[in-house]
Amino acid sequence: MSSPLAKPQIIAHIQKSLNYTVFDSKWIPCSAKFVCLGNFARGTGVIQIYEVQHGEAQLVKEVEKPKPIKCGTYGATSLQQRHIATGDFEGNLNIWNLETPEVPVYSAKAHKEIINCIDGVGGLGLGMEHQRLSLEVEMELLRFGTPDKEIHQLPTWSLWRERLRETAGLLHLVMPLMIRIAVFVLNGVCSVEFDRKDINMNKLVATSLEGKFHVFDMRTQHSTKGFASVSEKAHKSTIWQVRHLPQNRDIFMTAGGAGNLHLWKYEYPAERSKKDSDGVDVGVAGTVNLLQNVTLSTQPIASLDWSPDKQGLCVCSGFDQCVRVLIVTKLNVV
Amino acid sequence: MTAKDLFSLQNQDSVIDCSGKVPVEHLDYGYIDQCKDVKYLEKIFKALRSGDEGIYPNLISFCENRLKLLDPKNKLLRTDKPAATAANFSQEEWEQIVDDLKMWQEETKKTDHSLKHQPLVNEIIKENIPPIRGSNQSVPLKKDIQQKQSKNVCKRLLPRDYQEWDKFDVEKECEQIDSNNCLRSDLPAVAYTGYSKLKTNLDASLLTEQEQLMLATREKDKGNEAFRAKDYEEAIAYYSRSISIWPTVLAHNNRAQAEIRLKRWNNAMKDCQRVLQMEPGNIKALLRRATVYANTGRFEPAAEDLRTVIKQEPQNPAALQLLSETEKKMQKEVMQEMTCKGKKIQIQEVDEDDCHNKESEAGLKACPVERIQPQGGEVSPAATAQNPDMGNAQKRPHGRGDGSPHSDTGSAHHHHHHAPWKGKASSGEKYKVNHESKEKVANGTSKRGSNASAQADQSGKSPAEGQAKETVNLDAPCGALPPPLSRLKNEGNLLFKNGQFADALEKYSQAIQGYTDSGLDSPEDLCILYSNRAACYLKDGNSQDCIQDCTKALELQPFSLKPLLRRAMAYESLERYRKAYVDYKTVLQIDMSVKAAHDSVNRITRLLIEQDGSEWRDKLPEIPLVPLSAQQHRKPEQPSEVVLQARAEKAKRDAERRAEVQFSTLKQEGNDYVKKGQYKDAVGKYTDCLKLKPEECAVYTNRALCYLKLERFAEAKHDCDAALKLEPTNKKAFYRRAMANKGLKDYLACSSDLQEVLHQDPKVQEAEKELEEVTVLLRQSLANANANANSNVSPAKPRKSVPITEIENDEEDTPTAPNGKGERQY
């Protein structure tokens, strides 16, 4: 390698073993703290808050809840409130104020069974104009998160603002899209994410059970050819997660079933759309470049979250009952 | 083994062994070194790695290097790597990373703290944001809520169950979706580019400073991303959003770059100026401003900016390159000047640029708040030519109001051109001179987007010709000016037209001097002279004197258009936007059609809002009310023939359309009156109809019917005649004329009309019946006449009333009589 330090490096800044199964980890916006959600061996749920301090993750708060908590999001909260929405094994949706975590701010039975994934928009100034709508949509959203036997984990949904307008239309829009991708990718979609929540849909990354992922350019949809896409096989195992860097929508990280992380960058083509032989607009896919890859564990990495505040800071948790804070360097010069 | 042998061997083997194992001979330094087939090399690499043929670490790394050389991004080269640690970095780098993180931690802790200690929920925000569904009601999971929720779920599309997924038929689902899709969108392709819908102005005033900053940064990031994806329009939209929340140097700078990419020089210039106000000496902004200058053909300031950049950053490659390019162009320009006859323009332009530059620099120091209008009223024509779509209003004044000095309608110019003298055309010519010299210098394109040049082409005469003709008639009389003065004025006009503004200025000054000496009393002429001299000053960039002259002209002739417009432009170039605004507004009161004024008003409004905030109107000086007489007396622009024609056509079309509408409503009203039996009113309506459209046959026949009903037979007959003139075979007209004739007791004419009707359509029973009757009457009248001739028996025997029926023809919307089939009694 010519100059190994010229490209981004992934540093395992902090590694913390936990005494429970951790399902999800999320940064608290505008802070150096993150939340871990999981399941104690005795069958109860747990929310832990850690603060990154002096190269260590220090436990700030721990709350035990009756049901194991599978997932959480800060997507729909305002910066002033910073309430986390969680989904548990019983299908309950709760919104917590972690300052006073004893009782939820809001609670609802969203599903009959486990809520696998949750995502939200509307908070943090994302789509300010539509905050109300998005809060509602966030509720709707959960209802997609039904598990499926073949597909281990159902997609997490990031939304684009314009499409939020029709709550009912959402299902129609997303489901066909997903099935298209599912068929195309063939082996089950594990995770999908739009490159940004608060813009018109631009790109979508879908990852598969077989270790392949596809990047779709969502700006031009051809009636028969659909969206242009580029695919890459990176991992030897399932890609569990894909997360776009909040500060740069063209960089994303995939987390694999063998405990490895791959950092990618999408390069746009010279022209994003062209005319086909019939003079109809058809999208042109770009290319995907591997920026860096690391292996952190032998167990799958199930959750990954970029810090919304500090570029390159990222927290991930895996089935090895470990939560890790990673620093990815030189993202600004990529 | 020679290389040649190797290749043949390799080709053979790679074909044969494609699926099988790599032969041992190929696991060789020499072979690998020569192998160019990436696929095969991959195979070798895999074989080596597998260790089936033994492990050769050196060979493996050699193979890896070879593969890297041929295909640097090959997947086989990817290796599992542990996470980087401090050992992977130099100490310096590591420290930097750690410090960076530490700093962030401290900072974020502070913001975290401040967020926590803010009043938790801002009341205003709370008002604006509706509560989360049900959040106000309950905390614990009550039974009834649960039920409600589950009910809700039932109503919606339920997510699939485990069992359902088992039965899930992907193919079927896909087909269904495909068919749905087909139904939904017939479009062959959908482009999701929604930036046009983006609001570029965000109101973030309700948010805390923290949130505003965050939001601004986020929007800027989005702009950056869009920029990278080459969606410049979108990028600009996001930068604008960012700026509207929290203006930063970065966002302005980036927007300038995006504008440059879209070749919107003026917008880019504004952003650069803004940055330089916020942060004087910002290298990026200077560089970008230089780019804008260079691209709008103003090399001198471009070079100056670039030198400043290079002074600060001697190695800046972009600046060095641009500077050398600019200097080359400047040299060319000088060369051009030497050869070009109309060199004066060039000289002036350079001078003027300089002076503007100084001005803007002065502006920088003097008024740090105001946005600087770099070019005042004067933008080099190259820019106009390059981007006609820019909507840059600053150039338009030349094409329009400012195009030429006054030449009043009585002026001699009119007579010696075949085509009428046009302000626009002449300005086109002026531009042409500029274009020709400039284009080669500035961009080498022959694109002439400006309407001015098109006009010039149309008028189809070269400046030289114009000049030749012009000189002949320099002594043409000008208003009430004595011959020597009018000669001076005409010479001035000619010089102005040729772009020799300084000389023209001199002539005008002489004329004004002469005027005052001669003690004439003709304020109109003096006004024109001042106004023309103001135009020269404006062209020379001498805004102060321009304003003075305009003011003088306006004292002599209040509310004359051109001096007002010129003064407005001068004010604008001096950045006295309020005064400029008032003048433009006055211009618009005098003549709404001055587009340049409209554009400038829009632009200045924006600037003023930026400068003074939402109460900017309060700070304006009073806008004088233009008396109606001035509005009527307004000196119309002299638009080109084409424009005039187009306008006239449009007006005509409009009038026609309006008339059409009015006509049909009038006719309808008339028909309605007929239905109601109010024939008199109907006649009025029909008469109005005919005023609008005298060629409408049906209206004549309808009115004839009304007259018949009113027993005004002579008029009815007249209408029928008119209808028949328009439509010589109109049955109805004939029939009604027959009835009228009958009423007039002209039975002969009546019977001939009826015969005509029957001739056209033998089936008209009413006509037959009438004919019979009329024949009887005719005989009677003839007999009577005879009797009259013989004896003096009065013919005034009461006429037997004759029932007549009339079939309403359908092809015209003739009103149906109130009694349906129309049994009419006379």
Side-chain angles (χ1 to χ4, degrees), chain A residues 5 9-12 30-32 52-53 79-81 95 103-109 125 131-132 135-136 139 143-144 146 148-149 162 171 176 179 182-183 196 199-201 218-223 247-250 260 268 272-273 280-282 289-290 293-296 309-310 326-327 329, chain B residues 73 78 80-85 88-89 93 97 101 104-105 108-109 111-112 115 118 120-122 129-130 132-135 139 141 146 149-150 153 156-157 159-160 162 165-166 170 173-174 177 180-181 185 187-195 210-211 214-215 218 221-222 225 228-230:
Chain A
L5 297 180
Q9 297 292 321
I10 301 173
I11 304 163
C30 253
S31 74
V52 178
Q53 230 170 6
L79 203 54
Q80 285 172 330
Q81 290 179 320
I95 299 178
V103 272
V105 177
Y106 171 79
S107 184
K109 174 89 176 166
Q131 192 167 32
R132 172 204 161 90
L135 276 171
E136 295 208 359
M139 308 301 152
R143 304 204 160 78
F144 297 116
T146 326
D148 157 37
K149 261 185 204 157
E162 286 303 310
L171 187 86
I179 287 164
V183 170
R196 243 183 200 286
I199 58 171
N200 289 307
M201 60 177 182
M218 310 292 283
R219 280 290 159 92
T220 316
Q221 184 178 19
H222 190 273
S223 57
Q247 291 84 6
N248 184 349
R249 66 178 185 191
D250 301 326
N260 39 21
Y268 290 96
R272 287 182 73 180
S273 71
V280 179
D281 277 330
V282 57
N289 290 329
L290 181 70
N293 62 313
V294 291
T295 308
L296 295 172
D309 308 304
K310 173 80 184 154
L326 310 174
I327 301 170
T329 63
Chain B
K73 285 178 183 169
R78 290 178 193 159
D80 284 347
K81 275 175 267 179
T85 57
N88 294 43
F89 297 90
E93 275 177 314
I97 292 165
L101 194 70
W104 172 73
Q105 279 168 14
T108 199
K109 207 166 182 178
T111 53
D112 189 18
L115 270 175
Q118 256 168 16
L120 243 181
V121 178
N122 192 326
I129 300 169
I132 309 169
R133 237 188 309 159
S135 64
V139 181
L141 279 171
Q146 260 188 34
Q149 281 291 334
S150 55
V153 171
R156 285 190 199 93
L157 273 164
R160 286 171 214 280
Y162 279 121
W165 279 109
D166 286 340
V170 174
E173 202 77 5
C174 276
I177 285 150
N180 273 352
N181 263 7
S185 65
L187 291 170
V190 186
Y192 299 99
T193 47
Y195 57 81
Q210 185 73 35
E211 281 173 313
M214 229 178 105
L215 209 56
R218 198 194 303 273
D221 286 346
K222 282 195 252 176
E225 285 164 358
R228 275 194 293 267
K230 299 193 183 74

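We name chains A, B, ... by the order of the sequence lines, and we start the count at 1 in each one. What you see below is based on every heavy atom in this structure, not just the backbone, and it leaves out hydrogens, waters and symmetry mates.
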(request) Could you look at R272(A) and say if it's the side chain, the backbone, both or neither that has a heavy atom under 4.5 Å from chain B? (result) side chain
(message) If I measure from the heavy atoms of chain B, does I11(A) come under 4.5 Å with its side chain, its backbone, both, or neither?
(response) both
(request) Nearest 0.5 Å please: distance from the NZ atom of K310(A) over to the CD atom of Q247(A). (result) 9.5 Å
(message) Given 3.5 Å as the limit, does a donor-acceptor pair link the side chain of Q9(A) with the main chain of T329(A), or not?
(response) no
(request) For K109(B), look at atom NZ and say whether over 12 heavy atoms of other residues, nucleotides or ligands are found less than 6.0 Å away. (result) no
(message) Quick check against the 3.5 Å criterion: does T111(B) have a side-chain atom that pairs as donor or acceptor with the backbone of T108(B)?
(response) yes
(request) Heavy-atom pairs under 4.5 Å with chain B are the metric here; pick the option from S273(A), S31(A), A32(A) that has the most. (result) S31(A)
(request) Carefully, step by step, assess L296(A) and N260(A) under the rule side-chain contact (heavy atoms from CB on, under 4.5 Å). (result) CA-CA 6 Å; L296(A) 295 172; N260(A) 39 21; over 6 Å; no
(message) Please classify the contact of T295(A) with chain B as side chain, backbone, both or neither, using a heavy-atom distance under 4.5 Å.
(response) both
(request) May I ask you to name which of L326(A), V294(A), D309(A), L290(A) has the most heavy-atom pairs under 4.5 Å with chain B? (result) V294(A)
